[in-house]
Visitor: 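Right, I'll just put the structure down here and ask away after.
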Amino acid sequence: MSEERESLNFIEQIIEDDLKSGKHVEIHTRFPPEPNGYLHIGHTKAIWINFNIAQKYGGKTNLRFDDTNPTTEKSIYVENIQKDIKWLGYDWEDRMYYTSNYFEQLYNFAEQLIIKGYAYVDDQSSELIAEQKGTPTQKGTDSPFRNRSVEENLDLFRRMKAGEFKDGEKVLRAKIDMGHTNMLMRDPLIYRIKHQTHHNTGDEWCIYPMYDFAHGQSDSIENITHSLCSLEFIHHRPLYNWFIEKLGIYPSRQIEFARMNVSYMITSKRKLKKLVDNGIVTGWDDPRMPTVAGMRRRGYPASALRLFCEKTGAAKRNNLQEIALLESCVKEELNKTAHRVMVVNDPLKLTISNYPENESEELTAINNPENLEDGTRSIPFSKHLLIERADLMEDAPKKYFRLSQGRNVRLKNAYIIHCDDVVKNEAGEVIEVLCSYYPNSKSGEDESGIKAKGTLHWVSEDHAIPCTVREYDRLFKVEAPGVTPDVDFLDEVNEASLKVNENAFMEPALKSYHPGDTVQFMRIGYFSVDEDSSSDRLIFNRTVTLRDSWKNKK
RNA sequence: UGUCCAGUAGUGUAACAGGUUAGCACAUGAGAUUUUGAUUCUCAGGGUGAAGGUUCGAGUCCUUCCUGGAUAACCA
């Protein structure tokens with residue numbers, strides 16, 4: 001038996017090594033979002049890495065809200081983040097934590113640091129402190145308050161906690177090295193005063209720890225074995241380790257991976273918010289948004305997002321994933337599940353001259369040929385139909401498979417028809433197509449022996465139901481929006497990212513579909529029923545178009 | 001200009017401790033099948049940033065260089 005070795009990403013390699021060496025017997029990761037915005041495609045990768053890797057090695061993943069800044073955090077985000085993670089298919093079981101629940105512990109850690117002579121209270125302004133930091137090429141200078149006694153530091157810090165000082169009056173700093181090549185090691189701030197109500201702890205605290213003095217310790221408190229974060233935190237690792245070492249607590253290990261970027265999308269919470277605030281999109285869940293909520297509403301299945309993460313993997317180099325791969329994952333998943341239905345977007349009348357007036361018949365359609373268990377449904381057929389205007393061409397080239405005078409086409413699930421003539425208005429536009437049908441060419445029982453190269457979708461005019469189709473396109477017209485210097489990302493917005501079509505007609509069976517259902521409009525694309533739909537008018541969001549190799553040949 | 005990280009087809013990602021023609025996916029092109037010009041299937045093109053060195057043998061090790069990214073918030 002040739003055993004193929006499964007290829008591992010660099011994180012899995014580290015974990016397997018740790019398991020093999022006995023460093024760890026169980027893997028424990030965490031996903032630590034800050035509740036100050038919605039989750040987006042970039043977070044999807046972070047979620048996938050953290051949950052998937054633990055799952056793979058039989059470990060656990062905690063959800064932890066990294067909420068150390070009361071200014072920007074809100075419980076509404078806490079709710080939505082949970083909803084999005086669950087929808088993505090991941091479960092933190094009973095392990096949902098808040099960094100803010102560790103405030104007492106964190107405070108004690110800070111006192112310990114002071115007692116050990118590793119932290120001091122600084123009275124200087126933020127401007128002065130910034131000045132003394134130096135530059136990457138220039139060493140910093142010591143604060144005049146750097147050598148306060150332990151007693152004085154402790155007293156001051158306790159009074160900070162007690163609320164004796166105003167915001168910005170004092171800070172607690174780690175005492176490391178103002179000449180360090182890593183600027184984060186130049187006596188970083190670890191506590192600041194903020195007289196502000198916190199979404200979780202209310203007014204209990206007026207001092208809040210900074211990220212660097214909260215994250216690693218929280219990992220340690222939760223016994224996180226591998227703390228997986230994005231590359232931008234790489235410079236923080238020495239500091240992360242420094243606190244763990246000085247405090248003598250459980251040594252979680254920080255490992256950095258490259259965050260995922262996707263072409264034509266942005267993942268900056270600030271910029272995303274601007275799109276919402278400027279009314280460029282209808283909200284955080286607008287189907288054009290790269291947010292989890294937006295993609296869900298667009299009709300992207302969670303399984304497609306997971307597949308996308310899997311296919312793009314985890315590595316340490318900056319990357320820009322092509323949106324085509326994401327869309328290919330979406331289509332791969334939807335191809336397995338979506339019912340094939342018929343909707344005409346740009347209707348043109350088609351009359352079958354030799355079909356009796358005022359009569360109709362019910363034809364049978366397979367819901368999904370990729371999954372026969374989904375059964376069949378019936379579709380009404382009659383003399384007067386609507387077809388896609390683009391499916392008719394006069395004087396068509398030989399390679400054209402659709403309708404043209406004198407040619408045959410198959411009407412999907414129905415009959416083969418022959419195009420006899422077209423009717424035009426005064427402006428010379430075709431307003432109706434006249435055809436005749438071959439009664440013995442009915443789908444499933446075709447005895448006509450006639451060949452038709454093309455197959456068209458259609459609806460019966462008298463039975464069709466008007467509906468709205470929102471044709472979404474990419475939100476930005478450049479591959480990497482928001483990164484070109486001196487270019488406002490708002491100028492890179494694709495102004496034609498949404499075209500609303502109120503003139504579409506759907507087959508009647510679609511009436512029984514509900515918001516969130518995603519179907520395939522045959523020959524067009526995948527569409528998801530939007531939550532804005534009402535019982536008398538369905539609204540569809542275009543999820544993604546089908547591949548169209550004809551378009552490219554033209 | 002310090003420090004750190006990274007360079008494998010168009011885009012991503014593999015190649016387990018140096019070992020056959022550098023694999024896979026998407027994208028691209030050609031063809032077959034098809035009652036969706038979809039799906040499916042087959043085939044093709046195209047790659048180790050550069051130069052030296054070590055070695056029987058280098059994407060992998062060493063040296064130098066080049067390129068890209070990160071990095072100076074009382075944000076996370």
Side-chain angles (χ1 to χ4, degrees), chain A residues 5-9 13 32-34 36 66-69 71-73 99 122 125-126 129-131 133-140 167-173 180-184 186 189-194 207-208 210-212 214-215 229 231-238 256 258 260 263 269 308 310-329 331-332 335-336 340 342 366 369-370 399-402 409-416 441 443-444 446 452-457 479 520-525 545-553:
Chain A
R5 190 180 294 243
E6 181 202 12
S7 73
L8 305 172
N9 64 46
Q13 275 168 25
E34 185 189 11
N36 69 344
D66 210 352
D67 53 352
T68 57
N69 183 5
T71 315
T72 54
E73 294 151 5
T99 299
D122 198 331
S125 68
S126 63
I129 291 175
E131 247 172 68
K133 280 249 162 156
T135 69
T137 52
Q138 240 177 325
K139 291 187 173 192
D167 288 12
E169 234 175 278
K170 291 191 173 6
V171 290
L172 184 69
R173 292 228 255 167
H180 202 107
T181 53
N182 180 344
M183 297 208 47
L184 280 162
R186 323 246 257 230
L189 272 64
I190 57 180
Y191 259 96
R192 77 286 214 192
I193 300 170
K194 272 181 188 263
I207 56 170
Y208 294 93
M210 299 285 289
Y211 166 84
D212 288 302
H215 203 95
C229 62
L231 242 36
E232 64 218 271
F233 291 98
I234 201 159
H235 300 285
H236 294 248
R237 187 170 5 117
E256 311 84 12
M260 180 171 71
S263 63
K269 281 187 202 170
F308 181 55
E310 198 178 308
K311 287 190 171 184
T312 51
K316 295 185 76 163
R317 48 180 140 149
N318 302 315
N319 60 80
L320 182 62
Q321 308 289 347
E322 288 180 341
I323 196 165
L325 178 59
L326 209 207
E327 293 180 340
S328 134
C329 292
K331 285 185 267 195
E332 185 176 334
N335 181 47
K336 294 187 278 195
R340 271 60 169 175
M342 294 200 282
I366 293 168
E370 303 287 327
K399 283 287 195 62
Y400 189 78
F401 301 160
R402 283 116 95 153
V409 294
R410 157 76 64 184
L411 291 177
K412 180 72 184 174
N413 295 131
Y415 301 91
I416 294 175
S441 66
S443 271
D446 186 353
K453 189 73 181 149
T455 301
L456 269 43
H457 62 277
E479 201 175 42
Q520 185 196 91
F521 289 2
M522 264 192 284
R523 306 206 304 131
I524 301 175
T545 56
L546 251 31
R547 192 169 135 213
D548 185 357
S549 54
W550 167 244
K551 189 176 70 186
N552 301 331
K553 282 181 189 164

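Given the structure is predicted, the values throughout are model-derived calculations rather than measurements. Side-chain atoms are counted along with the backbone in the values below, which use heavy atoms only and exclude waters and symmetry mates.
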Visitor: Between B:rU20 and B:rG57, how far apart are the C1' atoms? Round to whole Å, please.
Guide: 11 Å

Visitor: Give the nucleotide from the list B:rU3, B:rA25, B:rU36 with an atom nearest to the side chain of A:L325.
Guide: B:rA25

Visitor: With a 4.0 Å cut-off on heavy atoms, is A:N182 in touch with a base, just the backbone sugar-phosphate, or nothing at all?
Guide: nothing

Visitor: Less than 4.5 Å apart, side chain to side chain, heavy atoms only: is that true for A:M342 and A:N413?
Guide: yes

Visitor: Taking the side chain of A:Y400 as its heavy atoms from C-beta onward, which of B:rC74, B:rA14, B:rG37 lies nearest to it?
Guide: B:rG37

Visitor: By nearest heavy atom, map A:I234 and A:N69 onto RNA chain B; which one lands nearer the 5' end?
Guide: A:I234

Visitor: Side chain of A:K316: nearest nucleotide among B:rC5, B:rC74, B:rU11?
Guide: B:rC5

Visitor: With C1' as the reference atom in both, quote the distance from B:rG12 to B:rG46 in angstrom, rounded to an integer.
Guide: 15 Å

Visitor: What's A:E34 touching, base or sugar-phosphate or nothing? Going by heavy atoms closer than 4.0 Å.
Guide: sugar-phosphate

Visitor: Is the base of B:rU36 touched by the side chain of A:R523 through a donor-acceptor pair closer than 3.5 angstrom?
Guide: no

Visitor: Does atom CG of A:L189 have more than 12 heavy-atom neighbours, drawn from other residues, nucleotides or ligands, at distances under 6.0 Å?
Guide: yes

Visitor: Once you round it to whole Å, what is the distance between P of B:rA25 and CG of A:N319?
Guide: 20 Å

Visitor: Just name whichever nucleotide pairs with B:rA50, Watson-Crick or G-U, keeping both distances under 3.5 Å, else none.
Guide: B:rU64

Visitor: Compare all side-chain heavy atoms of A:E332 with those of A:K311 and state whether any distance is below 4.5 angstrom.
Guide: yes

Visitor: Could you give the distance separating B:rG7 and B:rU60 at their C1' atoms, to the nearest angstrom?
Guide: 14 Å

Visitor: Of the nucleotides B:rU71, B:rA27, B:rA72, which has the atom closest to the A:H235 side chain?
Guide: B:rU71

Visitor: Is there aromatic stacking of A:W550 against B:rG37, centre distance under 5.5 Å, plane angle under 30°?
Guide: yes

Visitor: OP1 or OP2 of B:rA38 versus the side-chain N and O atoms of A:S549: is any pair under 4.0 Å?
Guide: yes

Visitor: Look at the side chain of A:Q138 and the base of B:rG2, then say whether one donor and one acceptor between them are separated by less than 3.5 Å.
Guide: no

Visitor: For a quick check, tell me whether the side chain of A:H236 and the base of B:rA76 share a donor-acceptor pair closer than 3.5 Å.
Guide: yes

Visitor: Looking for any heavy atom pair under 4.0 Å, which part of the strands does A:A214 touch: base, sugar-phosphate only, or nothing?
Guide: nothing

Visitor: Assess whether one donor atom and one acceptor atom, taken from the side chain of A:R402 and the base of B:rG37, lie less than 3.5 Å apart.
Guide: yes

Visitor: Over how many whole Å does the gap from A:K453 atom NZ to B:rU35 atom C1' extend?
Guide: 12 Å

Visitor: Applying a 3.5 Å limit to both distances, which nucleotide forms a Watson-Crick or G-U wobble pair with B:rU40?
Guide: B:rA32

Visitor: Kindly indicate, with the supporting measurements, whether the criterion side chain to side chain contact (heavy atoms under 4.5 Å, CB included) is fulfilled by A:H236 and A:Y211.
Guide: CA-CA 10 Å; A:H236 294 248; A:Y211 166 84; 4.1 Å; yes

Visitor: Can you check whether A:R402 reaches A:L456 side chain to side chain, under 4.5 Å on heavy atoms?
Guide: yes

Visitor: Between B:rU34 and B:rG69, how many Å separate the two C1' atoms, rounded to a whole number?
Guide: 48 Å

Visitor: Would the base of B:rU71 count as contacting A:E232 through its side chain, where contact means a donor and an acceptor less than 3.5 Å apart?
Guide: no

Visitor: Is there a Watson-Crick or G-U wobble partner for B:rG2 with both distances under 3.5 Å, and if so, which one is it?
Guide: B:rU71

Visitor: If the P atom of B:rC24 is compared with that of B:rC56, how far apart are they to the nearest Å?
Guide: 33 Å

Visitor: Taking the side chain of A:K412 as heavy atoms from C-beta outward, which of B:rG69, B:rA72, B:rU36 is closest to it?
Guide: B:rU36

Visitor: Name the residue from A:T68, A:D67, A:T99, A:T72 that meets the side-chain contact (heavy atoms from CB on, under 4.5 Å) definition with A:E34.
Guide: A:T72

Visitor: Report which part of the nucleic acid A:R186 touches: base, sugar-phosphate, or nothing (heavy-atom distance under 4.0 Å, all strands).
Guide: nothing

Visitor: Which comes earlier along RNA chain B counting from the 5' end, the contact point of A:Q13 or that of A:K331, where each point is its nearest nucleotide?
Guide: A:Q13

Visitor: Does B:rA58 pair with anything, Watson-Crick or G-U wobble, both distances under 3.5 Å, and if so, with which nucleotide?
Guide: none

Visitor: Quote, to the nearest angstrom, the C1' distance that separates B:rG59 from B:rG23.
Guide: 13 Å

Visitor: Strictly distance-based, threshold 3.5 Å: is any side-chain N or O of A:S441 a donor or acceptor partner for the main-chain N or O of A:Y415?
Guide: no

Visitor: For B:rU40 versus B:rU35, give the span between their C1' atoms, rounded off to a whole number of Å.
Guide: 16 Å

Visitor: Report the distance from atom CD of A:E370 to atom C1' of B:rU40, rounded to the nearest whole Å.
Guide: 8 Å

Visitor: Could you give the CG-to-C1' distance, from A:L546 to B:rA38, as a whole number of Å?
Guide: 4 Å

Visitor: Over how many whole Å does the gap from A:D548 atom CG to B:rG37 atom P extend?
Guide: 9 Å

Visitor: Under 4.0 Å from OP1 or OP2 of B:rC26: is there any side-chain N or O of A:R547 that close?
Guide: no

Visitor: Just call it for A:N413: base, sugar-phosphate, or nothing, with non-hydrogen atoms closer than 4.0 Å on any strand.
Guide: base

Visitor: Students often get this wrong, so: under 4.0 angstrom with heavy atoms, is A:G444 touching a base, only sugar-phosphate, or nothing?
Guide: base

Visitor: Hunt down the Watson-Crick or G-U wobble partner of B:rA14, both distances under 3.5 Å, from any strand shown, or write none.
Guide: none

Visitor: Nearest whole angstrom, please: distance from the P of B:rA25 to the CD of A:Q321.
Guide: 16 Å

Visitor: Which one is paired to B:rA27, where only Watson-Crick or G-U wobble pairs with both distances under 3.5 angstrom count?
Guide: none

Visitor: Establish, with yes or no, whether the OP1 or OP2 oxygen of B:rC75 is under 4.0 angstrom from a side-chain nitrogen or oxygen of A:R192.
Guide: yes

Visitor: Measure the shortest side-chain to side-chain distance between A:H235 and A:M183 over non-hydrogen atoms and say whether it is less than 4.5 angstrom.
Guide: no

Visitor: OP1 or OP2 of B:rC75 sitting under 4.0 Å from any side-chain N/O of A:K194?
Guide: yes

Visitor: Indicate, with a heavy-atom threshold strictly under 4.0 Å, whether A:G313 touches base, sugar-phosphate, or nothing.
Guide: nothing

Visitor: Quantified in whole Å, what is the C1' atom distance between nucleotide B:rA22 and nucleotide B:rU63?
Guide: 25 Å

Visitor: Is the backbone N or O of A:N69 less than 3.5 Å from a side-chain atom of A:E73, with the two atoms forming a donor-acceptor pair by type?
Guide: yes

Visitor: Write down the partner of B:rU20 under the Watson-Crick or G-U wobble criteria, each distance required to be under 3.5 Å.
Guide: none

Visitor: Should A:R317 be listed as having a side-chain N or O under 4.0 Å from OP1 or OP2 of B:rG68?
Guide: no

Visitor: Of the nucleotides B:rA72, B:rG12, B:rU36, which has the atom closest to the A:T312 side chain?
Guide: B:rG12

Visitor: Output the rounded distance in Å from CD (A:E332) to P (B:rA38).
Guide: 17 Å

Visitor: Measure from CG on A:N318 to C1' on B:rU8 and round the result to the nearest Å.
Guide: 16 Å

Visitor: For A:I129, answer base if it contacts any base atom (sugar-phosphate contacts may also be present), sugar-phosphate if it contacts only those atoms, and nothing otherwise; contact means non-hydrogen atoms under 4.0 Å.
Guide: nothing

Visitor: Among the candidates B:rA72, B:rU36, B:rA76, find the nucleotide nearest to the side-chain atoms of A:M210.
Guide: B:rA76

Visitor: OP1 or OP2 of B:rA76 less than 4.0 angstrom from a side-chain nitrogen or oxygen of A:T68, does that happen here?
Guide: yes

Visitor: Output the single nucleotide from B:rA76, B:rU13, B:rU3 whose closest atom is nearest the side chain of A:F233.
Guide: B:rA76

